[in-house]
Amino acid sequence: MSGRDFHFVMIKPTHYDDDGYPIQWLRSAIPSNTLASLNGLAEAARNRQVLGKDVRIHLHTFDETNKRVRPEKIARQIRQAGGSTLIALVGVQSNQFPRATDLARRFLGLGLPVAIGGFHVSGCISMLDEMPEEMVRLQKEGVVYFAGEAEDGRLDDVFRDAFSDDLKPLYNFMADLPSLEGEPTPILPTRHIRFTAGSHSSFDLGRGCPFQCSFCTIINVQGRKSRFRSADDLEQIIRDNVAQGIDRFFITDDNFARNREWEPLFDRLIQLREQESFDIKFIIQVDTLCHRIDGFIEKATRAGVNRVFIGLENINPDNLMAAKKRQNKITEYREMLQKWRAHGATTYAGYIIGFPGDTRESVLHDVEIIKKELPLDLLEFFYLTPLPGSEDHKVLLSKGIWMDPDLNKYDLNHRVSHHPKMSDEDWEEAYRQAWASYYSDGHIETVLRRAAAHRKGRPGNKLFLMMWFKLMVECEGVHPLEGGYFRLKFRKDRRGGLPLENPLVFYPRYLAEIVAKHWVYLSAVWRVYRIYRRVKASPDRRTYSDLAIAPMDRSEEEDLAMIRETRGGAEAVAKQLRDAALSKAGKDRAKAASAL
C-alpha cells in the first residue's frame, strides 16, 4: 500500500542575512501568497483524485520565514510513511535562489526529486535569451524548473509526472497565462497563520499590470494583460478563511485600482461586512491616481481596507520618466494621500533611491520635502535594483555592465550595481540616512500629531507600525517587509560555502545579540511611547495642522517645494494645466455641439 501514496512538500524559502544565516522569526510579518495559492490548487487536485482513487495524496507546507526546514527530518518522515515524493520550492525570488539552491541540493542528496518555481525562474526564462549559469548548473544536478502559473490544471500534470517518476526538466507556461476565475481558494492551514504577525493571510484577486516600469518584474512574469477572480471567488475565499478563524488579509495584487472589477469586488465585501457582520480587514496596493476613480476610496474603506500601499517611488518627475513610470503625477500625490487620510486609512509608500538623476544631497532633500508636504504615514525605501526578469536587468546584462553576482543581495535592501553620479559609499549612505531621517523621533511625533488630529487617525496603530519599520532597519538590519518578532538562528543552517561556526563562538554571540537588541527595543519604545502619551494628552490635539494636512487650492500648491525644487516639477504643473485646459475645451465643444 505504501506505493500508493504521494507526498507533495511545498516550501517557501527565506534568504540569508549578511552572515549567511536564514532570516527566520518566531513570528514573521507577511504570509506567503504563493504558498497559499499552490496549497489551494494542491488541495483541489487531491479532492479530484488526479492520481486515481487508490492513491492518497499528502500535502505538507513550510514557510521558512517562521519555520525551520530540516531536509533530513522531512525525508525520514516521508520514508516512514512510504510512497512517492515531490519537493517543491515555491515562489522563489532572486534573493531566495541561493537558499533554494542549498535546500535543493540537500534534498537531492537524500534521493528526493526537487522542483523550483517563482519569479526568478519565470523572469529569467521570460526575459533572457539563455538560462543563467546558476540555473543551468542546478538543472544538470537534477532540479526541475516550473515557469509560469500553476492554475488551469497544470499542477495535475506535474503530480502525474512526479508520481510516475517521469518529471520533465522544464515546465514552461510563460506564453500561456491562465484565467483566474473559478480557480480554487488560496488558503493555508491555521498553523501557518498563527506564526505571522497579526494572524494575516493573503491572496490575489488579479494578476498582470498594464504599465511599463523598467524596474518591475511583474509585467514580464504575470504579463501586461490583467486577469481577475470574480466576486463569487472572493466571497468563497473569505468564507473559507473565516471558517478557520482568519479575518485579516493582504490582497497582493500589484495595483488593485487597475482591476476593472474593483467595484463588484468591493460591493461583495461591503455586503459581507454590513449585512452579515463579517469583521474583516484588508491591506491593498494601489497607484497614485486611484483617487481619480469615482467612489474607489469610499468603497474601499467601507469594504474593510484600513491600510494602503502606494507605489509613490519618487517625487522627481524626471526620475519617474526615466523609469517609464509615466502614470505617476507628483501633482496628484498630496490630494490622493489626503483623501485616504480623510477615510481613516493608514498609508504606506515605497520610495526608490538610485535613479540616474539622484545624488546623496538630492535624496535627503526630497525626503525632507516628503516629511513636510505629504500626509504620508509610513515610507519604505528601496535601492533601485536590476532584478532578473526586469527590463533594467536585461539592458545592463546586454551591455556587460557590472551587477553583483551574489543573488542573495537582490532583496532591494542591498546595493548591487554602480550609480552614474554617486559613489558606492554615497549611495549606501543616502539609503541609510533616508531611513534615519524619516523615522527620527521628531518625524514620528509629527505623524502621531497628524493622526491624533483626525477622529479616525488611530495614533496608537501608527506608533506600532512606525516603530516596527524603524527597529527592523536599525536593529535587525533587514527591510521591514522581511521583519518579524524574535530572530531565530540555527548554527547548522549556515549558507553553503561558509564555514560552520564553533558552538562556543556562535551561541554566546547569538545570546549577546538577543540581549542587546531587546535592550534597544525597550529603550526606543519607552522613549517614543512618552512622545505618544504627550500627543494624546495635548488639549489642542484635534486642532493640530501643518502644511501636509492643510487644505490647499491648485494655485497655492504651485508654491510647494515638491513642485518648485524637484527636477521636472514645474513642467509637471505646466502639463497639468495644459491637460486641464484641453479637457475643458473638449467639454465645451461637446456641450456646444449638443446644444445645436
>> Can you tell me how the ring of Phe464 sits relative to the ring of Trp468, calling it parallel under 30°, perpendicular over 60° and tilted otherwise?
In response: tilted
> According to the interplanar angle, ranging from 0 to 90°, do the rings of Tyr348 and Phe309 count as parallel (below 30°), tilted (30 to 60°) or perpendicular (above 60°)?
Replying inline: tilted
Give the minimum heavy-atom separation between [X] and [Y], together with the two atoms involved.
| X | Y | result |
| --- | --- | --- |
| Ile293 | Ala257 | CD1-O, 3.3 Å |
| Lys536 | Pro459 | CD-CG, 4.0 Å |
| Leu364 | Ala434 | CD2-N, 3.7 Å |
| Ala231 | Arg268 | O-NH1, 3.5 Å |
| Leu188 | Ser32 | CD1-O, 4.1 Å |
| Trp262 | Gly295 | CH2-C, 3.9 Å |

>> Taking the cut-offs as 6.0 angstrom to the six-membered ring centre and 45 degrees off its axis, would you call Arg260 and Phe228 a cation-pi pair?
In response: no
[Y] versus [X], side-chain donor and acceptor atoms under 3.5 Å:
| X | Y | value |
| --- | --- | --- |
| Asp392 | Ser390 | no |
| Ser440 | Ser437 | no |
| Tyr544 | Asp546 | yes |
| Glu429 | Gln433 | yes |
| His414 | Asp18 | yes |
| Asn255 | Asp287 | yes |

> Out of His15, Glu64, Lys12, which residue meets the side chain to side chain donor-acceptor pair (under 3.5 Å) rule with Gln96?
Replying inline: Lys12
>> Just to verify, which of Arg307, Arg341, Arg458 counts as forming a side chain to side chain donor-acceptor pair (under 3.5 Å) with Thr346?
In response: Arg458
Can you confirm whether [X] sits close enough to [Y] that some side-chain heavy atom of one is under 4.5 Å from a side-chain heavy atom of the other?
| X | Y | result |
| --- | --- | --- |
| Arg207 | Asp253 | no |
| Leu471 | Tyr521 | yes |
| Thr347 | Leu378 | no |
| Glu261 | Arg229 | no |
| Ile310 | Thr288 | yes |
| Met336 | Cys290 | yes |
| Ile23 | Val478 | yes |

> Going through the distances and angles, do Ser362 and Thr359 end up as a side chain to side chain donor-acceptor pair (under 3.5 Å)?
Replying inline: CA-CA 5 Å; Ser362 72; Thr359 64; 3.3 Å; yes
> Is Arg248 salt-bridged to Asp279, cutoff N-O under 4.0 Å?
Replying inline: yes
> Who are the side chain to side chain donor-acceptor pair (under 3.5 Å) partners of Asp63, not counting sequence neighbours?
Replying inline: Thr65
> After noting the C-alpha distance and the side-chain angles of Arg302 and Asp267, does the key distance pass the salt bridge (Lys or Arg N to Asp or Glu O under 4.0 Å) rule?
Replying inline: CA-CA 9 Å; Arg302 280 183 64 196; Asp267 286 342; over 6 Å; no
> Where do Ile283 and Gln285 land on the side-chain contact (heavy atoms from CB on, under 4.5 Å) test, with the steps shown first?
Replying inline: CA-CA 7 Å; Ile283 305 171; Gln285 302 182 100; 6.0 Å; no
Heavy-atom count around [X] [atom1] within 6.0 Å, excluding the residue itself: above 12?
| X | atom1 | value |
| --- | --- | --- |
| Lys409 | NZ | no |
| Asp294 | CG | no |
| Lys372 | NZ | no |
| Lys371 | NZ | yes |
| Tyr529 | OH | no |

Find the distance between [atom1] ([X]) and [atom2] ([Y]) and round it off to the nearest 0.5 Å.
| X | Y | atom1 | atom2 | result |
| --- | --- | --- | --- | --- |
| Leu312 | Leu376 | CG | CG | 7.0 Å |
| Ile237 | Ile187 | CD1 | CD1 | 9.5 Å |
| Asn413 | His479 | CG | NE2 | 6.0 Å |
| His419 | Phe355 | NE2 | CZ | 9.5 Å |
| Asp240 | Ile246 | CG | CD1 | 10.0 Å |
| Leu265 | Leu205 | CG | CG | 5.5 Å |

> Is the Phe486 to Trp25 ring centre distance short of 6.0 Å?
Replying inline: no
> Taking it one step at a time, do Ile238 and Glu235 satisfy side-chain contact (heavy atoms from CB on, under 4.5 Å)?
Replying inline: CA-CA 5 Å; Ile238 299 301; Glu235 181 174 344; 5.8 Å; no
>> Applying salt bridge (Lys or Arg N to Asp or Glu O under 4.0 Å) to Lys299 and Glu263, what does each step give before you reach the verdict?
In response: CA-CA 8 Å; Lys299 286 203 170 185; Glu263 192 162 23; 3.0 Å; yes
> Taking it one step at a time, do Ile444 and Met467 satisfy side-chain contact (heavy atoms from CB on, under 4.5 Å)?
Replying inline: CA-CA 9 Å; Ile444 289 174; Met467 291 306 293; 4.1 Å; yes
> With Tyr383, which residues qualify under ring pair (Phe, Tyr, Trp, His ring centres under 6.0 Å), at least two apart?
Replying inline: Trp427, Tyr431
>> Give me each pair satisfying salt bridge (charged side-chain N to carboxylate O under 4.0 Å, His left out) with a member in residues 519-529, each pair once, sequence neighbours excluded.
In response: Asp441-Arg527
> Do side-chain atoms of Tyr438 reach the backbone of Val367 as a donor and acceptor pair under 3.5 angstrom?
Replying inline: no
> Does the salt bridge (Lys or Arg N to Asp or Glu O under 4.0 Å) test come out yes or no for Arg292 and Glu335, once each step is laid out?
Replying inline: CA-CA 10 Å; Arg292 293 297 183 196; Glu335 180 183 351; 3.2 Å; yes
>> Go through it in stages, so that I can follow the logic: the residues are Arg487 and Tyr21, the test is side-chain contact (heavy atoms from CB on, under 4.5 Å), and I'd like the CA-CA distance, side-chain angles, deciding distance and then a yes or no.
In response: CA-CA 11 Å; Arg487 177 68 195 278; Tyr21 291 99; 4.0 Å; yes
> Only one of Phe256, Phe250, Phe249 forms a ring-ring contact (aromatic ring centres under 6.0 Å, His included) with Phe203, so which one is it?
Replying inline: Phe249
>> Under the criterion salt bridge (Lys or Arg N to Asp or Glu O under 4.0 Å), I'd like the reasoning laid out for Glu276 against Arg239: C-alpha separation, chi angles, the key distance, then a yes or no.
In response: CA-CA 11 Å; Glu276 299 189 43; Arg239 291 189 183 277; 2.9 Å; yes
